[in-house]
Structure formats: C-alpha cells, structure tokens
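Heads up, the thing below is written out as structure tokens.
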Amino acid sequence: MAKKNKTVRPKARLPRGLRDVGAHEIRAMSDMLDAIRNVYDIYGFEPLDTPAFEYSDALGKALPDQDRPNAGVFSFEEEDGQWVSLRYDLTAPLARYVSENYDGLAKPFRRYQTGPVWRNEKPGPGRYRQFTQFDADTVGTDNVAADAEICMLAADAIERIGIPRGDYVIKINNRKVLDGVLQTAGIDPVAPENAEQRMTVLRAIDKLDRLGREGVALLLGAGRKDESGDYTKGAELAPEQIAPLLDFVSASDGDLDTILTRLRSLVGDSERGQEGVEELRQIGALLAAAGFEDDRVRIDPAVVRGLDYYTGPVFEAELTFEATGDDGRAVRFGSVGGGGRYDGLVARFKGVVVPATGFSIGVSRLYAALEALGKTNSATATGPVVVLVMDPEHTADYQAMTRDLRTAGIRSEMYVGTSGMKAQMKYADKRHAPCVIIQGDDERAAGEVTIKDLVEGSLLSTKIEDNKEWRESRPAQISVKRDELVEAVKSVLARHNG
RNA sequence: GCCGCCUUAGCUCAGUUGGUUAGAGCGCUAGAUUGUGGAUCUAGAGGUCCUCCGUUCAAUCCGGAGAGGCGGUACCA
C-alpha cells in the first residue's frame with residue numbers, strides 16, 4: 001500500500017521541561033512576587049535586573065564540572081566565537097555586576113532580584129528547565145549580622161505570601177562546623193586533594209531526611225545501591241570517622257544552647273570548627289533578640305546545601321506541612337529556598353576577597369505550595385462583562401456601551417467574533433462573565449438594554465428541567481434605559497463581589 | 001547519566017491472534033429552538049494508531065533504533 005502523500009506538519013509542542021503559564025497562575029504569581037518584593041524593600045534592599053544571558057566564563061567558573069561546560073547550562077556561540085550562557089541562577093550575575101561596578105557601589109551592597117533562570121537538566125516532578133527565583137544578597141561584609149538578617153528576611157517573606165508560622169522553618173548551619181568535624185575525624189577539609197571527598201560527605205549528609213541514618217552511613221562509607229539498582233559511590237570513610245559525622249547531623253535536638261554545646265564538643269580543638277560554632281551562636285543570639293524564635297528559625301546540622309561555593313553559614317527554607325496531591329497521596333514540598341555565605345565568588349573577578357551572603361527563594365515551588373494550601377486568590381477569575389452583538393449593523397452602538405463600561409472602570413468587552421447569539425452566550429459563560437449586555441431590536445426601539453446576570457441565571461437553571469420554560473422564563477434578566485446601563489451593571493457586580 | 005513503566009481523536013481510554021471502513025465516553029461545531037449560557041435529542045467535524053528502519057503480499061499490532069511522557073535514582077550552581 002502506497003502511503004498517502006500527506007503534508008508534513010510541525011508538531012505543536014514545547015521542549016521538555018518547559019511549560020506555558022496561564023492567566024490564573026500569572027495573576028497569583030504576580031501577587032506573590034509583589035509580597036516578597038515588599039518585604040525586601042522594607043529591609044532596605046535595592047532592586048537590580050541583569051540580562052538573561054552572560055559570557056559563559058563570567059558564569060562558568062562557578063561550575064563544579066569544568067570538563068563539560070555545556071552540561072547543565074544552555075550555551076551558544078556568538079559570531080565572534082565567544083560563548084554565552086543562559087543564567088542558571090541570580091548569584092553568578094550578581095558577582096559579575098558587583099565586580100564590574102565595584103567602585104561605584106555603596107558597601108555593603110544590598111540588592112534583590114527576581115527573574116527566570118534556566119538549567120539544562122533532566123526535568124522531574126515539579127522541576128523544570130526554566131523556573132523563577134527571587135534573591136536577596138548582601139555583598140561586602142563578613143559581619144554575621146548580615147547573615148542573621150538574611151534569615152529574618154527569608155522568614156518574613158515566606159510569611160508575607162501566606163504560609164503561616166509553624167508551616168515553615170528556616171534552618172541554619174555552618175560549613176565551618178562541618179569542616180571542624182571532618183578535621184577531628186582526621187580529614188583536612190581545606191586540602192585540595194580532599195575536596196572531592198568533602199563534597200561527597202556533604203551530599204551524603206544532605207540526604208539524611210530521605211535516606212535516614214543508615215542510608216547516610218552507607219554513603220559515607222563504601223556506597224549505596226538504591227531500589228532501582230543504581231549504585232552510588234560512597235565517601236570511603238572508616239567507621240570511626242563516620243560515627244562523629246552521624247552524631248553531628250543528628251545534633252539538632254534541644255534548644256540553642258544545648259545544640260551549640262554539643263557542636264562545640266564535636267569539633268574538638270579544630271579552630272575552624274570553633275569559629276563556625278561561634279558564628280552560629282552569634283546568629284542565634286541576633287535572631288532571638290529580634291524576636292525570631294525556633295518556631296521560625298532553627299539550627300540544624302543536617303543542612304549542608306549541595307553547592308561547594310558556600311564558605312560559612314548556610315540556610316534552607318523548608319515547608320513543614322503536608323498537602324494532598326491530585327492522586328490523593330501526601331505531598332511534602334520540602335525546600336523552597338536556600339542560601340548562605342559565599343565569600344569567594346566575587347574574588348574570582350576581583351582578586352580580592354569580597355564577602356557576601358544571600359538567600360534565594362524558589363518561587364515556582366512556593367507557588368505550587370500555595371496552590372496546595374488553597375491560598376492563591378481565585379477571586380480575580382471573574383471574566384469581563386460581555387456586550388453581545390445582536391445586530392452587526394449596530395456594532396458602533398455596542399462599542400459605545402463597552403466604552404461607557406470601561407470608562408467607569410468595569411472590565412468589559414464587546415463580542416468580537418462572528419457567531420450568533422447562542423454561541424455568544426456560550427462564550428460569555430466560558431469566560432466566566434458576571435453578566436452580558438443585550439440590545440436587540442426590541443430594546444433599541446424602547447431605548448433600553450437588557451442585562452442578564454449569568455451567575456444568578458446559572459443558579460436558577462438548576463431548578464428548571466424543561467427547555468421551553470428555561471428559554472421563555474429568561475431568568476435573571478432586567479431591562480434598563482440605555483443611559484442607566486453603567487449604574488445597573490455596577491449594582492449587578494456589587495451583588496456578586498459582596 | 002542509570003533503572004522501570006508508558007505513547008491510539010482536543011481529553012480519558014477501548015481495540016485489532018498482522019488484512020479493505022480503527023471505536024466509546026467526555027469535549028468541540030451545528031440543528032431541534034426567527035433573540036438566550038444549563039438539561040434533552042439529532043447530526044457533523046476531528047486520527048501519520050509517537051517517529052524511522054527492518055521482517056512480510058500486507059505493519060497501528062512483530063523485531064530493532066530513536067524521540068517524547070511518567071516514576072525512581074544520580075546530579076542540582
């Protein structure tokens with residue numbers, strides 16, 4: 001059988017890991033971003049925006065994997081042979097900006113920034129290749145007061161968008177403390193030859209909440225095989241080295257002083273470790289003095305963050321409530337943001353150490369959480385008032401009605417299609433129009449317009465089964481003089497917006 | 001990257017032991033109803049059965065490769 005000669009049409013589809021965003025989400029997201037922006041503004045941070053892509057080397061040096069510069073990042077070559085990359089976070093562009101404008105900036109420089117970032121990775125549940133972050137950073141001071149403030153800011157921002165206190169927690173740890181524990185275990189954390197092992201240890205600890213103590217122990221030792229048969233190489237630590245690390249990550253019980261005392265003994269005489277504990281103590285004291293107790297911020301040694309550029313305190317914002325997903329299963333949202341101190345990031349441009357600390361909110365995931373909580377506003381889902389075109393000859397009249405409504409600040413539109421009245425009614429219904437405006441020959445002759453309340457009409461329809469009755473009763477309609485249109489529509493709208 | 005499952009209409013899915021015309025429900029368009037969104041009845045439109053290669057007289061179905069989706073795992077700046 002000869003195949004029919006069909007025209008090859010392009011398939012309407014989006015590349016994987018990308019998605020379109022509809023009206024409802026745009027409105028809700030916009031409200032959310034406004035709320036966060038408001039908090040950051042109140043804290044004295046200044047807005048900044050940078051382009052979507054930068055020269056690859058300006059972003060790329062932060063890449064842990066130098067062998068494959070294209071892995072994880074979207075890059076393309078310009079005509080002059082230089083490579084540019086889409087930004088994968090907002091921190092690397094900030095480092096570039098600060099370095100480029102260093103002399104003109106008031107230091108410490110505090111800025112906030114939001115926008116999409118792109119990652120060329122395999123998408124997963126709730127993970128996309130384009131998503132939005134909202135960052136706040138303080139650049140140019142090593143004062144732990146800056147770190148403490150970042151934590152307050154993160155907590156306030158999350159509460160402002162509608163996550164109640166108790167449903168989230170900002171967890172704080174310090175890389176230096178972990179390094180101290182490593183040091184007492186006989187591993188020099190700053191020696192370059194141990195860098196890989198140190199990161200493996202960090203990643204293992206990062207998985208504590210998912211794999212438990214046993215799983216982490218395996219990853220710290222020889223390695224671990226998961227259910228799907230995939231094998232993860234471990235950090236090859238000896239059992240006597242693993243034990244103190246497990247004690248360390250499990251040291252989150254008790255109040256601040258208890259935890260600090262425990263950490264102090266775990267880091268032993270490691271100078272770096274003691275320094276880290278002292279930083280945590282100061283941050284904890286500042287937070288407590290500002291009224292941020294452990295219902296909002298807490299020290300948790302299991303928080304490490306995957307990044308290797310963090311040099312001191314690290315933070316993670318976690319949602320602690322469970323929601324029920326579409327499939328009825330409980331969904332934990334987990335981490336919705338994170339950050340920490342990165343004293344080395346600007347140095348790679350400037351050659352001088354410019355200490356910095358910051359926090360990044362993953363607004364896309366936060367939005368999903370809000371949606372699950374039912375906290376996104378759906379009130380704005382009401383559509384416009386629709387002016388029906390009963391007779392195309394009088395389009396100008398309908399346009400005039402629409403203009404009058406718009407002038408009065410009422411969201412409205414004249415039907416701009418070419419279908420008949422029934423289709424226009426269906427259209428208005430689908431748009432969730434609160435009411436439609438009808439002016440046919442009868443109304444025009446009387447100098448009137450008919451206003452049909454669709455919300456009320458829909459309620460009445462459930463009581464009517466006979467179609468003839470439904471059509472003839474013309475429920476929820478009123479007729480008013482043409483010049484009373486705006487006032488009458490206002491009163492209809494007022495009924496439903498109560 | 002690795003492992004598993006999946007891909008048939010806009011959506012959810014049947015089905016063909018390989019054979020001429022691939023179905024249902026919902027949705028969509030329209031008519032019954034000269035000007036009324038719901039309900040009811042009727043009709044209509046809509047398909048490269050994911051793609052390519054192979055086996056075959058013949059492939060949506062069998063074999064191989066690839067793409068895409070879902071889930072896990074790894075990575076996550």
Side-chain angles (χ1 to χ4, degrees), chain A residues 1-9 11-17 59-65 68 71-73 85 87-93 95 117-125 127 129 131 133 199-200 203 206-207 210-211 215 219 223-233 305-310 327 335 338-340 342 345 360 362 386 388-391 419-433 435-436 438-444 450 452-477:
Chain A
M1 179 189 80
K3 286 213 166 152
K4 277 174 272 183
N5 245 346
K6 292 200 173 170
T7 50
V8 177
R9 278 173 263 143
K11 204 168 183 175
R13 63 196 189 125
L14 224 37
R16 70 168 192 281
L59 301 176
K61 290 275 164 50
L63 288 170
D65 193 350
R68 298 175 300 160
V73 198
S85 299
R87 65 185 179 204
Y88 50 80
D89 70 5
L90 300 174
T91 310
V117 300
W118 295 266
R119 293 186 189 176
N120 191 3
E121 296 168 338
K122 182 201 147 190
R127 292 187 51 178
R129 291 155 96 201
F131 57 96
Q133 296 192 321
M199 281 313 293
T200 307
R203 287 186 201 119
D206 201 27
K207 295 181 178 64
R210 198 153 40 80
L211 302 180
L219 285 174
R224 176 177 176 276
K225 194 179 208 166
D226 63 55
E227 309 90 74
S228 70
D230 204 9
Y231 183 74
T232 309
K233 197 172 177 299
R305 307 290 300 159
L307 256 56
D308 68 350
Y309 66 54
Y310 289 125
D327 52 3
S335 171
Y342 50 99
L345 216 50
S360 177
V386 174
L388 302 193
V389 174
M390 302 296 290
D391 180 357
S419 299
M421 181 179 185
K422 191 182 172 85
Q424 295 188 36
M425 287 299 299
K426 280 191 174 185
Y427 169 79
D429 192 41
K430 216 172 246 183
R431 290 296 311 276
H432 300 110
C435 61
V436 296
I438 304 168
Q439 189 188 54
D441 292 339
D442 297 349
E443 288 92 346
R444 188 175 308 105
T450 295
K452 182 177 179 103
D453 182 335
L454 294 189
V455 179
E456 184 67 21
S458 171
L459 286 175
L460 292 175
S461 81
T462 59
K463 295 174 195 146
I464 303 174
E465 279 165 30
D466 180 61
N467 180 254
K468 194 173 165 72
E469 185 191 345
W470 159 244
R471 288 164 69 91
E472 287 179 356
S473 69
R474 297 189 175 180
Q477 290 188 202

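Numbered from 1 within each chain, the chains take letters A, B, ... in sequence-line order. Bear in mind the structure is a predicted one, so any value in this text is a computation, not a measurement.
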[M] and [N], which share atom name [atom1], separated by this distance in whole Å:
N	M	atom1	value
G66(B)	G1(B)	P	12 Å
A22(B)	A74(B)	C1'	42 Å
C70(B)	G38(B)	P	34 Å
A59(B)	A32(B)	C1'	45 Å
A9(B)	G47(B)	C1'	6 Å
G10(B)	C50(B)	P	13 Å
G68(B)	U51(B)	C1'	10 Å
A14(B)	A24(B)	C1'	7 Å

If you define the side chain from C-beta out and look only at heavy atoms, does anything of M425(A) sit under 4.5 Å from L388(A)?
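A side-chain contact exists here, since the closest heavy-atom pair is under 4.5 Å.
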Are M390(A) and Q439(A) side-chain neighbours, meaning at least one heavy-atom pair lies under 4.5 Å?
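A side-chain contact under 4.5 Å is absent here.
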[X] [atom1] to [N] [atom2]: how many Å, rounded?
X	N	atom1	atom2	value
Y88(A)	C75(B)	OH	P	18 Å
D206(A)	U73(B)	CG	P	14 Å
Y427(A)	C28(B)	OH	C1'	17 Å
L219(A)	U73(B)	CG	P	12 Å
N120(A)	C75(B)	CG	P	18 Å
M199(A)	C75(B)	CE	C1'	11 Å

Are D429(A) and K426(A) within salt-bridge range, i.e. N to O under 4.0 Å?
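Judged by the 4.0 Å cut-off on N to carboxylate O distance, D429(A) and K426(A) do not form a salt bridge.
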R87(A) near the nucleic acid: base, sugar-phosphate alone, or nothing, with a heavy-atom cut-off under 4.0 Å?
nothing
Name the nucleic acid region contacted by K233(A), choosing base, sugar-phosphate or nothing; use a 4.0 angstrom heavy-atom cut-off, strictly under.
nothing
Please evaluate residues D391(A) and R444(A) with respect to the criterion side chain to side chain contact (heavy atoms under 4.5 Å, CB included), reporting the C-alpha separation (whole Å), side-chain torsions for both, the decisive distance (0.1 Å), and the verdict.
CA-CA 11 Å; D391(A) 180 357; R444(A) 188 175 308 105; 4.2 Å; yes
Who is the Watson-Crick or G-U wobble partner of [N], with both distances under 3.5 Å?
N	value
C52(B)	G64(B)
G35(B)	none
A43(B)	U29(B)
A58(B)	none
G23(B)	C13(B)
G1(B)	U73(B)

Could you pull out the protein-nucleic contacts involving nucleotides 34-37 of chain B (nitrogen or oxygen on both sides, under 3.5 Å)?
{"from": "G35(B)", "atom 1": "O6", "to": "D442(A)", "atom 2": "N", "distance (Å)": "3.0"}
{"from": "G35(B)", "atom 1": "O6", "to": "D442(A)", "atom 2": "OD2", "distance (Å)": "3.2"}
{"from": "G35(B)", "atom 1": "O6", "to": "E443(A)", "atom 2": "OE1", "distance (Å)": "3.0"}
{"from": "G35(B)", "atom 1": "N1", "to": "E443(A)", "atom 2": "OE1", "distance (Å)": "2.8"}
{"from": "G35(B)", "atom 1": "N1", "to": "E443(A)", "atom 2": "OE2", "distance (Å)": "3.1"}
{"from": "G35(B)", "atom 1": "N2", "to": "E443(A)", "atom 2": "OE2", "distance (Å)": "3.0"}
{"from": "U36(B)", "atom 1": "OP1", "to": "R471(A)", "atom 2": "NH2", "distance (Å)": "3.0"}
{"from": "U36(B)", "atom 1": "OP2", "to": "R471(A)", "atom 2": "NH2", "distance (Å)": "2.7"}
{"from": "U36(B)", "atom 1": "O5'", "to": "R471(A)", "atom 2": "NH2", "distance (Å)": "3.4"}
{"from": "U36(B)", "atom 1": "O2", "to": "K452(A)", "atom 2": "NZ", "distance (Å)": "3.0"}
{"from": "U36(B)", "atom 1": "O2", "to": "Q477(A)", "atom 2": "OE1", "distance (Å)": "3.0"}
{"from": "U36(B)", "atom 1": "N3", "to": "Q477(A)", "atom 2": "OE1", "distance (Å)": "2.5"}
{"from": "U36(B)", "atom 1": "O4", "to": "R474(A)", "atom 2": "NH1", "distance (Å)": "3.3"}
{"from": "U36(B)", "atom 1": "O4", "to": "Q477(A)", "atom 2": "NE2", "distance (Å)": "3.1"}
{"from": "G37(B)", "atom 1": "OP1", "to": "K422(A)", "atom 2": "NZ", "distance (Å)": "2.9"}
{"from": "G37(B)", "atom 1": "OP2", "to": "W470(A)", "atom 2": "NE1", "distance (Å)": "3.1"}
{"from": "G37(B)", "atom 1": "O2'", "to": "D429(A)", "atom 2": "OD2", "distance (Å)": "2.9"}
{"from": "G37(B)", "atom 1": "O6", "to": "G457(A)", "atom 2": "O", "distance (Å)": "3.4"}
{"from": "G37(B)", "atom 1": "N1", "to": "L454(A)", "atom 2": "O", "distance (Å)": "2.9"}
{"from": "G37(B)", "atom 1": "N1", "to": "S458(A)", "atom 2": "N", "distance (Å)": "3.4"}
{"from": "G37(B)", "atom 1": "N2", "to": "D429(A)", "atom 2": "OD1", "distance (Å)": "3.1"}
{"from": "G37(B)", "atom 1": "N2", "to": "L454(A)", "atom 2": "O", "distance (Å)": "2.9"}
{"from": "G37(B)", "atom 1": "N3", "to": "D429(A)", "atom 2": "OD1", "distance (Å)": "3.3"}

Hey, is the side chain of R210(A) poking within less than 4.0 Å of OP1 or OP2 on U73(B), counting only N and O atoms?
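Checking U73(B) against R210(A), a side-chain N or O does come within under 4.0 Å of OP1 or OP2.
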Under 4.0 Å: is that the gap between some side-chain N or O of R16(A) and OP1 or OP2 of A67(B)?
no
Is Q424(A) reaching over with its side chain to a backbone N or O of S419(A), donor-acceptor style, under 3.5 angstrom?
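Side chain of Q424(A) to backbone of S419(A): a pair is present.
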For the side chain of K122(A) and the base of G69(B), is some donor closer than 3.5 Å to an acceptor across the two?
no
So does R127(A) reach the base of C76(B) with its side chain, donor to acceptor, closer than 3.5 Å?
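When only heavy-atom distances are counted, R127(A) does reach the base of C76(B) through a donor-acceptor pair under 3.5 Å.
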Reading RNA chain B from 5' onward, which residue's closest nucleotide shows up sooner: D89(A) or G17(A)?
G17(A)
Ignoring hydrogens and geometry beyond distance, is a side-chain donor-acceptor pair present between T450(A) and Q477(A) at under 3.5 Å?
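There is no such pair (donor and acceptor under 3.5 Å, judged by atom type) between the side chains of T450(A) and Q477(A).
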Return the set of residues passing side-chain hydrogen bond (donor to acceptor under 3.5 Å, both in side chains) with D89(A) (not counting sequence neighbours), or none when no residue passes.
none
